[in-house]
Amino acid sequence: MTQSAVVQYALEPLAVELREIAVPEIGERDVLLRVGAVSVCGSDVHQAYNTHSWPVAVPVVLGHEFAGTVAQVGRAVKGFREGDRVVSETAAEVCGDCVLCRTGRYNLCPTRKGFGYGIDGAMASYVKVPGRCLHHIPDSLPFGLACLAEPHAVAFNAICVNSTIRPGDLVVVIGPGPIGLLCARMAALAGANPLVVVGLSNDRPRLDTATRLGATRVIDAQLESVEDAVRGFNPLGADLVCDASGASRPLDLALTLARPDGQITKVGWSPDLVPVNINPLVQKNVRLQGSFSHNYPIWERVIHLLDRRLTLPDAIVGLTSPLDGWREAFDAMHDGRVIKSVLVP
Ligand SMILES: [Zn+2]
Ligand SMILES: [Zn+2]
């Protein structure tokens with residue numbers, strides 16, 4: 001049996017095409033998932049333009065943000081049956097033996113391989129998924145929103161696990177891409193106020209969405225001074241700066257904006273290496289925290305948030321398309337015309 005899939009076949013810009021490939025065979029610990037919806041990640045777009053910061057094993061089917069129906073179940077899989085509606089975590093392969101795996105932080109396993117770059121992903125009719133990656137979703141949560149659980153989990157980990165926010169904290173989110181906007185929404189839910197979201201002039205529509213998601217102030221950094229605006233709220237600076245831009249340079253700005261004894265959480269990354277003056281980190285006793293991926297309890301929580309629509313997920317999805325419209329779905333995100341595209345295979 002064959003299926004259409006969006007395949008990255010080389011490490012060059014736009015080496016991506018719709019291909020006929022075999023439907024995967026499952027092992028005894030896997031399920032075969034009929035993909036109900038798969039959202040396009042900034043990382044899929046980066047891979048398509050060959051501007052990613054992680055190793056990609058080509059050829060590979062793209063897509064790691066997905067929901068669907070269990071179509072076939074391996075003999076050793078417990079707790080899931082044919083017809084179950086599920087979402088899947090992204091750690092397709094982990095060692096299972098290291099201290100991180102054994103303590104539930106398998107997202108940080110050094111051997112981790114994720115769907116869509118190390119293992120075939122979900123931009124296809126069917127995807128093979130280890131049973132341990134699955135979570136049930138309620139019938140009240142449609143696939144077109146459930147697929148957003150993965151970027152939700154990234155934002156929840158960055159803002160609600162790796163950062164500390166108390167009601168009334170001054171929080172700044174740099175970079176209003178999908179992850180930045182979801183980080184802003186998580187910060188709003190956690191009680192951040194004022195909540196400032198910073199972007200560039202071509203981010204205008206995304207900054208408007210940030211306001212809908214709970215930002216109390218949005219700043220076009222090309223038109224006004226972010227530092228002046230933040231110090232207008234508190235002369236000491238921000239309690240938390242979340243850098244969700246896909247670049248390294250804004251770490252300088254984050255170090256400027258964080259108040260003494262404040263925090264910086266960096267969730268966006270890029271291949272650029274830039275010199276940064278790290279001295280304010282020491283001088284201000286700032287905690288700089290990276291945030292990567294997510295694990296089981298985070299997924300259970302974001303499924304609840306999505307089901308209750310507490311994160312206003314409808315504000316994020318701008319385009320829904322069949323698989324053969326993948327190019328427009330990617331370009332619309334790349335050009336900033338939509339925040340998030342969803343493919344329905
Ligand atoms: Zn993603
Ligand atoms: Zn491990």
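Whatever order the structure lists ligands and atoms in, that order sets their numbers, starting from 1. Heavy-atom basis, side chains included; hydrogens, waters and symmetry copies ignored.
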Between Tyr49 and Phe330, does the ring centroid distance fall short of 6.0 Å?
no

Quick check: Phe80 with His136 (ring centres under 6.0 Å apart)?
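Between Phe80 and His136, which both carry aromatic rings, the centre distance is below 6.0 Å.
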
Just to confirm my numbers, could you give the angle made at the Zn ion (ligand 2) by SG of Cys101 and SG of Cys98, rounded to 10°?
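Seen from the Zn ion (ligand 2), SG and SG are separated by roughly 110°.
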
How wide is the angle at the Zn ion (ligand 1) spanned by Glu150 OE1 and Cys41 SG, rounded to 10 degrees?
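An angle of 170° at the metal.
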
Atom nearest to the Zn ion (ligand 1) - His64, N, O or S atoms considered
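It is NE2, the N, O or S atom of His64 closest to the Zn ion (ligand 1).
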
Looking at Glu65, pick out the N, O or S atom nearest to the Zn ion (ligand 1) and give its name.
OE2

Hey, is the Zn ion (ligand 1) within less than 2.8 Å of some N/O/S atom on Asp44?
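Not a single backbone or side-chain N, O or S atom of Asp44 is under 2.8 Å from the Zn ion (ligand 1).
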
Any salt bridge linking Asp97 with Arg102? Criterion: basic side-chain nitrogen under 4.0 Å from a carboxylate oxygen.
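Yes, Asp97 and Arg102 are salt-bridged.
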
Give me the ring orientation class for Phe292 and Trp269: parallel if the planes are under 30° apart, tilted from 30 to 60°, perpendicular past 60°.
perpendicular

Side-chain (Arg206) to main-chain (Gly199) donor-acceptor, under 3.5 angstrom
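No, the answer is negative, given that no donor and acceptor are paired below the 3.5 Å cut-off.
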
